[in-house]
J.: 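Encoded as structure tokens, here's the structure I'll be asking about.
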Amino acid sequence: MAETIELEIVTPERLVVKDRAESVQIPGRGGYLGILPGHAPLISELAVGEITYKHGSATTRLSVAWGFAEVLPEKITILAETAELAADIDVPRAEAALARAQQRIKEAEDSAAYEEAAAALARAETRLAVAKQQ
Ligand code: ATP
């Protein structure tokens, strides 16, 4: 059996994943990180993106936004502001959020409003992309 690493993904609301994985992909602020068991310790800020992990023949996908990942050789802990498993993503809700964000980007009158709308757009796009891959 392949070696595995423990993976916990938590949000302020709940424990979303407690599992083991042979490999995990995390959206760090500086780009995607690929983590295997025994990885050197690190802490990374999370961007908006997709977490993918493999366990046996199963590949699990989640949409996450902001937070931190702590990597230790035997355990990865993700503290995310939001995280949804692909199966839990409400597609019509994300489509509505996407349309609202696109409208807000068009109407943004300052850079703060633009940044906020762009972040909402990224969350909605990621949720739709993750839900589609199920
Ligand atoms: P919305 O405008 O639809 O609320 P949002 O991007 O502003 O979208 P967030 O602030 O990122 O939403 O998330 C608020 C909470 O709702 C979080 O718990 C998040 O996991 C959940 N959530 C947001 N959108 C979805 C979705 N499409 N499917 C399932 N859960 C969602």
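All ligand and atom numbering here is 1-based and tracks the order in the structure.
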J.: Take Leu98 and Glu125 through the side-chain contact (heavy atoms from CB on, under 4.5 Å) test and state the conclusion after the steps.
T.: CA-CA 7 Å; Leu98 180 78; Glu125 283 179 338; 3.5 Å; yes

J.: What are the atoms of ligand 1, with element, lying closer than 4.0 Å to any heavy atom of Glu13?
T.: 18 (O)

J.: Checking a contact table here: which protein heavy atom is nearest atom 7 (O) of ligand 1, and how many Å away?
T.: Arg123 NH2, 3.3 Å

J.: Nearest 0.5 angstrom please: Ser44 OG to Glu70 CD, how far?
T.: 12.0 Å

J.: Between Glu22 and Lys54, is there a side-chain N and carboxylate O pair less than 4.0 Å apart?
T.: no

J.: Are any of the side-chain heavy atoms of Ser23 and Ile35 separated by less than 4.5 Å?
T.: no

J.: Identify the closest protein heavy atom to atom 28 (N) of ligand 1: which residue and atom is it, and at what distance?
T.: Asp90 N, 2.8 Å

J.: Can you tell which of Glu95, Glu116, Arg93 gets a heavy atom nearest to atom 16 (O) of ligand 1?
T.: Arg93

J.: Please list the nearest protein heavy atom to atom 8 (O) of ligand 1 with its residue and the distance rounded to 0.1 Å.
T.: Arg127 NH1, 3.9 Å

J.: May I ask you to identify the nearest protein heavy atom to atom 29 (C) of ligand 1, giving residue, atom name and distance to one decimal place in Å?
T.: Asp88 O, 3.5 Å

J.: Go through the steps to decide whether Arg127 and Thr82 satisfy the test side-chain contact (heavy atoms from CB on, under 4.5 Å), and finish with yes or no.
T.: CA-CA 11 Å; Arg127 286 177 179 131; Thr82 65; 3.5 Å; yes

J.: Which of the numbered atoms in ligand 1 are under 4.0 angstrom from any heavy atom belonging to Arg100?
T.: 1 (P), 2 (O), 3 (O)

J.: For atom 17 (C) of ligand 1, what is the closest protein heavy atom, and at what distance to 0.1 Å?
T.: Thr82 CG2, 3.7 Å

J.: Counting heavy atoms only, which part of Val91 comes closer than 4.0 Å to ligand 1: side chain, backbone, both or neither?
T.: neither

J.: Looking only at protein heavy atoms, which one is nearest to atom 30 (N) of ligand 1, and what is the separation?
T.: Glu84 CG, 3.7 Å

J.: Among Thr60, Ile51, Ile78, whose side-chain contact (heavy atoms from CB on, under 4.5 Å) with Val24 holds?
T.: Ile51

J.: Taking all heavy atoms of Val71 and all of Ala40, pick out the closest pair and write down the distance.
T.: CG1-O, 4.0 Å

